[in-house]
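Here's the structure we're looking at; comments come further down.
Just so it is clear, the values below take in all heavy atoms, side chains as well, and ignore hydrogens, waters and symmetry mates. Sequence lines set the chain letters: A, B, ... in the order given, protein chains first and strands last, and positions in each chain run from 1. Being a predicted model, the structure only gives us computed values, none of them experimental.
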Amino acid sequence: MTPPIPDPVSVRRRLLRWYDRNARDLPWRYKKGDPPDPYRVWLSEIMLQQTTVAAVKGYFDDFTTRWPAVGDLAKAELNDVLHAWQGLGYYARARNLHKCAQAIAGERAGRFPDTEPELKALPGIGDYTAAAIAAIAFDRRATPVDANIERVTARLFALGDTLPKGRKKISERASLLTPKNRPGDFAQALMDLGAGVCTPKAPDCSACPLTPECLAAGQGEAERYPVKVAKAARPVRYGMVFWAVQGDGRVLLRQRPEKGLLGGMTEFPSTDWRKQIWSSAEAAKQAPVKGRWRRLDGVVRHTFTHFHLELTVLTAEVAIKREPEGALWSKPSGFSDHALPTVMKKIADHASRNVPGYSS
DNA sequence: TACTCGTGGGA
DNA sequence: TTCCCAAGAGT
């Protein structure tokens with residue numbers, strides 16, 4: 001015989017009771033009785049996209065201190081926002097964050113819309129984030145489906161369709177669970193549960209308030225859900241970075257194009273990042289300035305979402321007659337004034353240990 | 001639809 | 001070491 005389908009009423013009651021005792025204390029969560037601040041809810045949701053709570057906390061504190069309200073963020077320079085975002089990754093989020101703040105401050109008198117369609121029309125806000133803000137900040141009956149809620153729901157209903165194809169069905173089931181009362185708490189409860197109990201590996205079903213309703217747990221196979229298609233292997237790409245130093249110790253930097261990988265961030269100039277290894281001589285043809293390029297020992301490795309990168313550093317002391325396009329010279333002690341992504345910080349660290357006569 | 005887009009932590 | 005994974009969005 002088939003087990004009964006999980007009962008939404010029971011799931012809601014069990015989960016919210018659990019949440020009242022076990023909710024995590026997070027910087028962006030308002031205290032009971034306080035009205036939620038849509039700005040803080042929005043900011044946290046953008047930062048948390050594909051990013052762990054631990055990674056976000058420090059950035060959230062920094063942003064809310066520097067820019068306490070959406071109007072403050074709207075008035076900031078994009079470069080300052082990118083700089084503050086440095087290290088958090090997915091830099092299009094920072095550009096869209098700034099754009100969204102300006103739309104809110106400029107066209108909506110600083111007030112966030114409170115419905116999913118209006119929210120979704122704003123830059124950087126998609127299905128998930130629109131539903132999350134509507135539920136958490138505005139108490140709307142909306143169903144955000146992130147990876148946690150997707151996993152919990154797939155297990156609860158033992159949905160074995162492979163992702164990403166099976167997403168729609170999971171999302172539909174999830175929306176059946178959402179209560180009219182406390183929809184924001186319910187969503188956050190599911191996320192806390194997914195993060196701490198109903199984990200991807202080795203879920204702790206004995207500690208889960210939903211185990212009595214959970215079809216996957218009933219099968220003793222919670223970990224099997226959701227079923228995902230295997231990801232393609234990450235290829236390796238190679239590049240050569242030019243560490244050009246002037247006599248006074250300043251190093252050449254430049255700004256990356258606005259779109260694409262690390263868009264708008266600052267970098268040390270380099271060749272293309274391609275599938276073939278570079279020879280020093282071949283790479284030198286792409287150098288931004290003339291110089292006697294010498295190859296440093298060792299490589300800098302960095303992994304992006306869809307490829308591994310291996311960078312080799314070429315150094316030269318240069319005397320500049322004509323400035324390269326978009327040139328930006330800075331002593332290492334001034335690097336912190338620039339929005340350097342993590343991969344470029346690795347380059348700077350590598351150079352500091354290996355460039356002869358390196359001085360900060 | 002299927003890519004692109006960062007980074008760090010944990011198994 | 002390597003792989004998986006994370007409060008997804010844009011194109």
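- The residue A:Arg24 sits close to a base: some heavy atom pair falls under 4.0 Å.
- Through ILVMFWY side-chain contacts below 4.5 Å, A:Val299 is grouped with nothing and stands alone.
- Rounded to whole angstrom, the span from the CE atom of A:Met191 across to the C1' atom of C:dA6 amounts to 13 Å.
- Backbone-only contact: A:Pro123 has heavy atoms under 4.0 Å from sugar-phosphate atoms and none from a base.
- Checked by atom type, the side-chain pair A:Asn96/A:Arg93 shows no donor-acceptor distance below 3.5 Å.
- Screening residues 120-175 of chain A for ring pair (Phe, Tyr, Trp, His ring centres under 6.0 Å) gives no qualifying pairs among residues at least two apart or on separate chains.
- Distance, A:Arg256 CZ to B:dT4 P: 15 Å, rounded to whole Å.
- A heavy atom closer than 4.0 Å to some atom of DNA chain B occurs in A:Gly260, A:Leu261, A:Leu262, these being the qualifying members of residues 260-276 of chain A.
- The listed nucleotides are B:dT7, C:dC5, C:dA9; the one nearest the side chain of A:Lys228 is C:dC5.
- For A:Ser171 (side chain) and A:Lys169 (main-chain N/O), no donor-acceptor pair under 3.5 Å exists by modelled atom type.
- DNA chain B is contacted by A:Gly87, A:Leu88, A:Gly89, A:Tyr90, A:Tyr91 of residues 80-103 of chain A, taking any non-hydrogen atom closer than 4.0 Å.
- A:Trp42 places a side-chain heavy atom less than 4.5 Å from the side chain of A:Cys100.
- Listed by residue number, the members of residues 38-59 of chain A with any heavy atom below 4.0 angstrom from DNA chain C are A:Glu45, A:Leu48, A:Gln49, A:Gln50.
- Counting any heavy atom pair closer than 4.0 Å across all strands shown, A:Pro341 reaches sugar-phosphate atoms only and no base atom.
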Report, one line per pair, each donor and acceptor closer than 3.5 Å where one atom sits in a side chain of residues 334-346 of chain A; sequence neighbours left out.
| from | atom 1 | to | atom 2 | distance (Å) |
| --- | --- | --- | --- | --- |
| A:Lys346 | NZ | A:Arg301 | O | 3.0 |
| A:Lys346 | NZ | A:His302 | ND1 | 2.9 |

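- Atom-to-atom, CZ of A:Phe307 to C1' of B:dC3 comes out at 13 Å; the value is rounded to the nearest Å.
- Cation-pi geometry between A:Arg234 and A:Phe307 is not satisfied (NZ or CZ under 6.0 Å from the ring centre, within 45° of the ring normal).
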Show me the donor-acceptor pairs within less than 3.5 Å that the side chains of residues 110-117 of chain A make with the rest of the protein, sequence neighbours left out.
| from | atom 1 | to | atom 2 | distance (Å) |
| --- | --- | --- | --- | --- |
| A:Asp114 | OD1 | A:Arg140 | NH2 | 3.4 |
| A:Asp114 | OD2 | A:Arg140 | NH2 | 3.1 |
| A:Thr115 | OG1 | A:Glu118 | OE1 | 2.6 |

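- Under the side-chain contact (heavy atoms from CB on, under 4.5 Å) criterion, A:Asp61 pairs with A:Pro27, sequence neighbours left out.
- A close approach under 4.0 Å does not occur between any side-chain nitrogen or oxygen of A:Arg234 and OP1 or OP2 of C:dT2.
- Residues A:Ile347 and A:Trp243 meet the side-chain proximity criterion, which asks for heavy atoms closer than 4.5 Å.
- Through direct or indirect side-chain contacts shorter than 4.5 Å among Ile, Leu, Val, Met, Phe, Trp and Tyr, A:Val318 is connected to A:Val236, A:Tyr238, A:Met240, A:Phe242, A:Leu252, A:Ile277, A:Trp278, A:Val289, A:Trp293, A:Leu314, A:Ile320, A:Trp329.
- In this structure, CZ of A:Arg29 is placed 12 Å from P of C:dA7, rounded to the nearest angstrom.
- DNA chain C lies under 4.0 Å from no heavy atom of any residue of residues 169-188 of chain A.
- Hydrophobic cluster membership of A:Leu176, counting Ile, Leu, Val, Met, Phe, Trp and Tyr whose side-chain heavy atoms lie under 4.5 Å apart directly or via other members: none, as it forms a cluster of its own.
- When the P atom of C:dG8 is taken as reference, atom CD1 of A:Ile133 falls 13 Å away, rounded to whole Å.
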Show every donor-acceptor pair shorter than 3.5 Å between a side-chain atom in residues 215-227 of chain A and any protein atom, with sequence neighbours excluded, or say none if there are none.
| from | atom 1 | to | atom 2 | distance (Å) |
| --- | --- | --- | --- | --- |
| A:Gln219 | OE1 | A:Tyr225 | OH | 2.9 |
| A:Glu223 | OE1 | A:Ala202 | N | 3.1 |

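- Which of B:dT7, C:dG8, B:dC5 sits closest to the side chain of A:His306 comes down to B:dC5.
- The side chain of A:His302 contributes an N or O atom lying less than 4.0 Å from OP1 or OP2 of B:dT7.
- As rounded to whole Å, 15 Å separates atom P of C:dT11 from atom CG of A:Asp127.
- In this structure, A:Asp192 atom CG and C:dA6 atom P are separated by 15 Å, rounded to whole Å.
- Rounded to a whole Å, the NZ atom of A:Lys259 is 19 Å from the P atom of C:dA9.
- Counting only heavy atoms from C-beta outward, the side chains of A:Leu16 and A:Arg182 approach each other to under 4.5 Å.
- Using a 3.5 Å distance cut-off with no hydrogens or angles, the side chains of A:Thr271 and A:Gln286 do not pair a donor with an acceptor.
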